[in-house]
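Notes to accompany the following structure.
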Amino acid sequence: MNIIALSGSLRKGSFNTRLAHAIATRAPQDVTVEIATCHGIPLYDGDLEEAEGVPSAVTDLRERIRAAAGLILITPEYNAGMPGVLKNALDWLSRPPKEMHPTFRDKPTGLAGATPGGLGTTLAQSGSLVVLRQFKVRLFPDHLRVSRAHESLSEDGSVTDGTIETLDTWLGDFVSFVRGG
Ligand code: FNR
């Protein structure tokens, strides 16, 4: 089974992309977690869309999401919300409107996020529910939140014990959810 994990950070040292890698590393043997980012996606501009259509960075990502059995959105938290980079990517992915539901409708989707702060991107995750409701995804109700990410997610890919346990439990339950259990 293939799951795609989309990190909403462009930063090389991103904690959220580190979390995506940790999820990929900890996935059960029969599950492949493909990591995606929002690199290469321009700012949404209706004139650009009209003149040139949807950019290939978006159509490529869309194909990857469609091919995956499940989607994990890994959102940083900026000013209590989802970063513009991720919202912009989701906006493009919903264009043109006829593409939105074949991409997202009923897609088993989990929310994850990492922050150096203490509240594990709770507010960004809550805010993103509005978009996910619009997309009509099949949302996994339990969200993965990593606080103090600078302590728990290292540059070399190692993850502290408590975070590994939380991640493994969440991931196991999410994989069952994707499988329909
Ligand atoms: C932040 N950060 C932040 N963290 C948080 O927990 N709640 C918040 O509201 C905010 N707000 C915020 C605004 C802006 C503009 C920036 C740049 C940062 C800190 C943020 O969690 C931190 O920079 C993370 O490292 C960003 O995620 P990546 O890039 O490490 O994945």
Side-chain angles (χ1 to χ4, degrees), residues 2-27 31-45 55 57-58 60-62 64-65 68 70-94 104 107 109-135 137 139-171 174-175:
N2 185 32
I3 289 174
I4 185 164
L6 175 61
S7 168
S9 174
L10 300 177
R11 217 165 63 80
K12 220 184 310 153
S14 160
F15 296 120
N16 287 278
T17 307
R18 282 185 204 175
L19 182 57
H21 283 282
I23 288 171
T25 304
R26 304 292 301 175
V31 175
T32 305
V33 176
E34 204 184 310
I35 295 163
T37 67
C38 303
H39 284 98
I41 299 179
L43 285 176
Y44 179 76
D45 175 346
V58 176
D60 290 352
L61 179 57
R62 172 145 61 217
R64 293 171 73 193
I65 293 172
L71 168 67
I72 301 174
L73 284 179
I74 308 184
T75 181
E77 181 169 286
Y78 284 2
N79 296 310
M82 178 196 301
V85 163
L86 184 55
K87 177 66 163 62
N88 179 65
L90 294 175
D91 289 341
W92 266 120
L93 286 164
S94 70
F104 292 107
K107 174 72 68 183
T109 299
L111 266 177
T115 171
L119 294 178
T121 73
T122 305
L123 294 168
Q125 291 182 347
S126 300
S128 66
L129 297 178
V130 175
V131 178
L132 296 179
R133 190 164 56 228
Q134 181 85 353
F135 284 9
V137 301
L139 184 68
F140 182 51
D142 190 13
H143 305 162
L144 177 62
R145 299 183 180 120
V146 177
S147 301
R148 308 256 166 254
H150 54 299
E151 292 166 3
S152 48
L153 299 167
S154 305
E155 218 168 322
D156 65 3
S158 60
V159 182
T160 54
D161 285 352
T163 302
I164 286 185
E165 282 165 24
T166 306
L167 192 158
D168 284 353
T169 303
W170 181 86
L171 188 55
F174 178 65
V175 166

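Hydrogens, waters and symmetry mates are skipped; everything else that's a heavy atom, side chains included, is used. Whatever order the structure lists them in is the order used to number ligands and atoms, beginning at 1.
Distance from atom 29 (O) of ligand 1 to its nearest protein heavy atom, with residue and atom name: Ser9 OG, 2.7 Å. Closest to atom 25 (O) of ligand 1 among all protein heavy atoms lies Phe15 CD1, 3.4 Å. Nearest non-hydrogen protein atom to atom 27 (O) of ligand 1 is Asn16 ND2, 3.3 Å. Counting protein heavy atoms only, atom 20 (C) of ligand 1 is closest to Glu77 O, 3.8 Å.
Using a 4.5 Å heavy-atom cutoff, the side chains of Leu144 and Leu19 are in contact.
Within the 4.0 Å heavy-atom criterion, the part of Arg11 lying near ligand 1 is the side chain and not the backbone.
Each of the atoms 27 (O) of ligand 1 lies under 4.0 Å from some heavy atom of Pro76. For ligand 1, the atoms closer than 4.0 angstrom to any heavy atom of Thr115 are 4 (N), 5 (C), 6 (O), 21 (O).
When all heavy atoms of Phe174 and Ile3 are compared, the closest pair comes out as CE2-CD1, 4.0 Å. Of all the heavy atoms in Pro76 and Ile74, the pair that sits closest is CD-O, 3.6 Å. Taking every heavy atom of both residues into account, Val159 and Ala22 meet most closely at CG2-CB, 3.7 Å. Minimum heavy-atom separation, Ser7 to Ser14: OG-OG, 4.2 Å. What you find for Trp170 and His143 is that their closest heavy atoms are NE1-C, 3.7 Å.
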Given Arg64 and Asp60, is the salt bridge (Lys or Arg N to Asp or Glu O under 4.0 Å) satisfied, shown in steps?
CA-CA 6 Å; Arg64 293 171 73 193; Asp60 290 352; over 6 Å; no
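Look at Asn79 and you'll find a heavy atom under 4.0 Å from some atom of ligand 1.
Considering Gly13, Ser14, Ala80 only, the shortest heavy-atom separation from atom 31 (O) of ligand 1 involves Ser14.
There is no protein heavy atom closer than 4.0 angstrom to atom 23 (O) of ligand 1.
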